[in-house]
Structure formats: structure tokens, C-alpha cells
Amino acid sequence: GERPCAVGAYARGGVTGARIQHVYTPPEERRKGYASTAVHALVTQLLGAGRTWCGLFADIENPHSNLMYRRLGFTQRAYFKSIAFK
């Protein structure tokens with residue numbers, strides 16, 4: 001149809017880069033390639049506008065999104081862990 005099926009946003013990553021964030025696809029539209037297409041289009045736009053790198057944080061527990069990001073050319077650089085102190 002003619003309704004949004006995925007959304008993505010970015011934040012500046014210093015002077016030369018960008019961080020992809022807020023990639024979302026409604027549950028009924030998942031696994032149809034919409035998020036991959038949105039991320040690819042956003043990265044293409046950012047690199048075409050002069051950014052030299054794009055990064056993102058991915059949930060290590062979500063193998064589907066991690067596979068998608070690898071297929072788009074992203075590589076893992078680090079692990080982060082959140083720790084709550086009482």
C-alpha cells in the first residue's frame with residue numbers, strides 16, 4: 001500500500017560520522033525486508049552527503065537484526081553492557 005512500513009533515524013557521530021538509531025518496523029510488517037531497505041537508504045544518503053562512516057548499536061540477543069546489519073556491510077567493533085548499581 002501507501003503507508004509507512006519501516007522508519008529509521010540517525011544522530012551525528014562527531015564531525016564525519018553518523019549513528020543509525022530508532023529502526024522500527026511494525027510487527028505485522030516484519031521479515032519482509034522493509035527495515036533492511038530503510039537502513040540501506042539511510043546509509044546511502046548519509047555517505048552520499050559526505051559522512052565517512054555510519055555506526056549503530058544492535059541488540060546481541062536479536063540474531064535477525066544482526067544478520068541484516070552484517071548483510072548491509074556493518075561489522076561488530078565492540079560489546080557494551082549496561083550495569084545498574086544500587
Tell me, do Val23 and Tyr69 make a side-chain contact under 4.5 Å, heavy atoms counted?
yes
Tell me, please, which residues at least two apart from Leu72 pass side-chain contact (heavy atoms from CB on, under 4.5 Å).
Val39, His40, Met68, Phe74
Return the CH2 to OG1 distance between Trp53 and Thr16, rounded to the nearest 0.5 Å.
6.5 Å
Indicate the atoms forming the closest heavy-atom contact of Gly8 with Leu42, along with that distance.
C-CD2, 4.1 Å
Under a 4.5 Å cut-off applied to non-hydrogen side-chain atoms, are Gln76 and Arg70 in contact?
no
Heavy-atom nearest pair, Thr37 first then Gly33, reads OG1-O, 2.9 Å
Test log, rule side chain to side chain contact (heavy atoms under 4.5 Å, CB included), inputs Arg30 and Tyr24:
CA-CA 9 Å; Arg30 292 180 184 164; Tyr24 177 76; 3.4 Å; yes
State, with a plain yes or no, whether a side-chain heavy atom of Leu47 is found less than 4.5 Å away from one of Thr52.
no
Would you name the heavy atoms of Ala18 and Leu46 that are closest together and state the gap between them?
CB-CD1, 3.8 Å
For Gly13 and Arg19, which heavy atoms make the closest approach, and how far apart are they?
CA-NH1, 3.9 Å
If you compare all heavy atoms of Pro26 against all heavy atoms of Cys5, which two are closest, and at what distance to 0.1 Å?
CD-O, 3.3 Å
Is the OH atom of Tyr10 crowded by more than 12 outside heavy atoms at less than 6.0 Å?
no
Could you check Arg12 against Arg51 for side chain to side chain contact (heavy atoms under 4.5 Å, CB included), going step by step and ending with a plain yes or no?
CA-CA 9 Å; Arg12 291 187 71 156; Arg51 304 281 184 208; 3.7 Å; yes
Would you say the side-chain atoms of Asn66 pair up with the backbone N or O of Asp59, donor to acceptor, closer than 3.5 Å?
yes
